[in-house]
Amino acid sequence: MWVPRALSIAGSAARGGAGIQADLKTFQEMGVFGLSSVTGIVAYHPYTNQNVFPIELSAIEAQIYTALRDVGVDAIKTGMLYTKENISHVAKWIEEADTTNVVVDPVMVGKMDTPLLKDDAINTLKTKLIPLATIITPNMPEAALLLKSNQQLTTVDDLKLAAIELKKLGSKYVLVKGGRLKGPAVDVLYDGEKLHILEAQRIDTIHTNGAGCSYSAAITALLAKGKPVQEAVKEAKMFITAAIRHSITFKRGVGPPDFAAYHRYGELGVKESIIEFQKQEY
């Protein structure tokens, strides 16, 4: 029996709510067989205070090679890659993979303010990996860093401008996530011609650890199943809204969304408005 397959190349989160763990749980919930290549481990050492433990490059390559050779993939997602060497090699392996569905989540800083991308790797991400992407999914701080902007995004108009500018880096689509805005939860999807404004109810909770990982993983899974990008993003937003609505608390820190919530409880839907992009308007 054939099932859609998706590969996540990302970090392992020991708390279980983000990274590879969030991706695999999301893939499973979306009816996709999940594969993984762990690039590093994010956990807090009680004595040294080290919180990122990189995996050596040959081990990352072995995992990707095995997944592609033995299983094959219908979509690939990247998350925490950490170094410019990792990014360069992952870009090369993606070019050799037999899929055009590539979701790049430009993970830079974790929910607990852990640096997840070295400063000297940002340019490599922009020049080597993002041009291969079907869609990139930065949050507001990540979008500002990619644009080398000293000014943070604070409004929906800022998201629109950021999406338009980020499209110039070469991905087919850009999704700028407005999770840190006030008011409704608004994201902006840009395809080079139209701005799609996606709005859902904002859930009053701090427990969103791994929400960005899961959102982009849901997009990846839906692309693996053959959904068009716009449709995949809209359904993925419903998936993560339901997950946040039923989020889980931990004994310490920020908890994760409930990845099973969308299919268990459903979700009300996402309001979409479309703006034809005209250069003079921005």
Side-chain angles (χ1 to χ4, degrees), residues 18 22 26 77 79 103-111 113 116 130 133-169 171-192 194-220 222 229-245 247 254 256-257 261-262 267-277 281-282:
T26 300
K77 176 202 162 178
V103 177
V104 173
D105 191 17
V107 175
M108 297 181 180
V109 181
K111 190 71 69 177
D113 293 327
L116 302 177
I130 286 177
T134 305
I135 182 171
I136 61 172
T137 61
N139 60 27
M140 293 162 65
E142 290 162 350
L145 284 168
L146 287 171
L147 292 171
K148 293 186 177 179
S149 172
N150 294 324
Q151 203 162 6
Q152 292 299 309
L153 282 58
T154 58
T155 67
V156 174
D157 280 345
D158 289 344
L159 302 191
K160 296 173 186 175
L161 286 166
I164 291 164
E165 288 302 310
L166 287 169
K167 180 71 174 62
K168 296 174 183 177
L169 296 179
S171 64
K172 294 182 178 69
Y173 290 79
V174 175
L175 177 68
V176 182
K177 300 173 294 189
R180 290 165 172 79
L181 292 174
K182 297 185 184 300
V186 175
D187 305 324
V188 174
L189 174 68
Y190 183 52
D191 60 10
K194 297 176 182 177
L195 290 158
H196 302 260
I197 316 302
L198 303 172
E199 179 181 319
Q201 180 185 4
R202 183 173 298 280
I203 313 303
D204 185 17
T205 179
I206 64 167
H207 300 297
T208 58
N209 177 232
C213 302
S214 181
Y215 192 173
S216 57
I219 295 169
T220 307
L222 290 161
V229 172
Q230 183 185 340
E231 189 177 329
V233 171
K234 195 170 181 179
E235 184 172 349
K237 186 167 177 65
M238 288 193 289
F239 176 92
I240 197 58
T241 302
I244 294 171
R245 189 184 300 279
S247 58
V254 178
Y262 179 59
E267 183 51 42
L268 300 174
V270 171
K271 178 182 176 183
E272 180 180 7
S273 56
I274 300 174
I275 301 171
E276 294 277 358
F277 171 60
E281 290 182 1
Y282 293 94

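The chain is numbered in sequence order, starting from 1.
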What heavy-atom pair brings V270 and M238 nearest, and what distance separates the two atoms?
CG2-CG, 3.4 Å
What pairs with T205 under side-chain contact (heavy atoms from CB on, under 4.5 Å), at least two apart in sequence or on another chain?
I203, H207, T208, I244, S247
side-chain hydrogen bond (donor to acceptor under 3.5 Å, both in side chains) involving E165 - partner list, sequence neighbours excluded
K168
Validation row: P257, I240 side chains within 4.5 angstrom (heavy atoms):
yes
Partner residues of L145 under the side-chain contact (heavy atoms from CB on, under 4.5 Å) criterion, sequence neighbours left out:
M108
For G210 and A18, the nearest pair of non-hydrogen atoms, with its separation, is CA-CB, 3.7 Å
Is it the case that the side chain of K172 and the backbone of G192 share a donor-acceptor pair, with hydrogens and angles ignored and the cut-off at 3.5 Å?
no
Check whether S216 reaches the backbone of G212 with its side chain - one donor and one acceptor, N or O, closer than 3.5 Å.
yes
4.5 Å side-chain heavy-atom contact, V229 and L175:
no
With a 3.5 Å distance limit and no angle check, can you tell me whether K160 reaches the backbone of I164 through a side-chain donor-acceptor pair?
no
Would D191 and K194 pass as an ion pair if we require N to O under 4.0 Å?
no
Among I197, L195, V186, side-chain contact (heavy atoms from CB on, under 4.5 Å) partner for S273
I197
Criterion side-chain contact (heavy atoms from CB on, under 4.5 Å) against K177, the qualifying member of T137, V188, L189, L159:
T137
Hits for side-chain contact (heavy atoms from CB on, under 4.5 Å) against A236, two or more places apart or cross-chain, chain-then-number order -> Y215, A218, I219, L222
With sequence neighbours excluded, what pairs up with E235 under the salt bridge (Lys or Arg N to Asp or Glu O under 4.0 Å) test?
none
Are any of the side-chain heavy atoms of K271 and P184 separated by less than 4.5 Å?
no
Name all residues meeting the side-chain hydrogen bond (donor to acceptor under 3.5 Å, both in side chains) criterion together with S214; count only those two or more places apart in sequence or in a different chain, and write none if there are none.
T26
Sorted by chain and residue number, the side-chain contact (heavy atoms from CB on, under 4.5 Å) partners of E231 (sequence neighbours excluded) come out as K227, P228
Applying side-chain hydrogen bond (donor to acceptor under 3.5 Å, both in side chains) to T220 and not counting sequence neighbours gives none
Looking at residues at least two apart in the chain, or sitting in another chain, which of them share a side-chain hydrogen bond (donor to acceptor under 3.5 Å, both in side chains) with K237?
D187
When you look at I135 and V104, which way does the side chain to side chain contact (heavy atoms under 4.5 Å, CB included) test go after all the steps?
CA-CA 6 Å; I135 182 171; V104 173; over 6 Å; no
Given the rule in the side chain to side chain donor-acceptor pair (under 3.5 Å) test, do R245 and Q201 qualify, once you have shown the distances and angles that lead to the verdict?
CA-CA 9 Å; R245 189 184 300 279; Q201 180 185 4; 3.1 Å; yes
Between the CD atom in E272 and the NZ atom in K234, the distance rounded to the nearest 0.5 Å is 4.5 Å
Expected output: side-chain R202 to main-chain L181 donor-acceptor under 3.5 Å
yes
Can you tell if the side chain of L146 reaches within under 4.5 Å of the side chain of P106, non-hydrogen atoms only?
yes
Atom pair CG (L166) and CD1 (I130), whose distance is rounded to the nearest 0.5 Å:
7.0 Å
Show the nearest heavy-atom pair for residues A162 and A143, with the distance to one decimal.
CB-CB, 4.4 Å
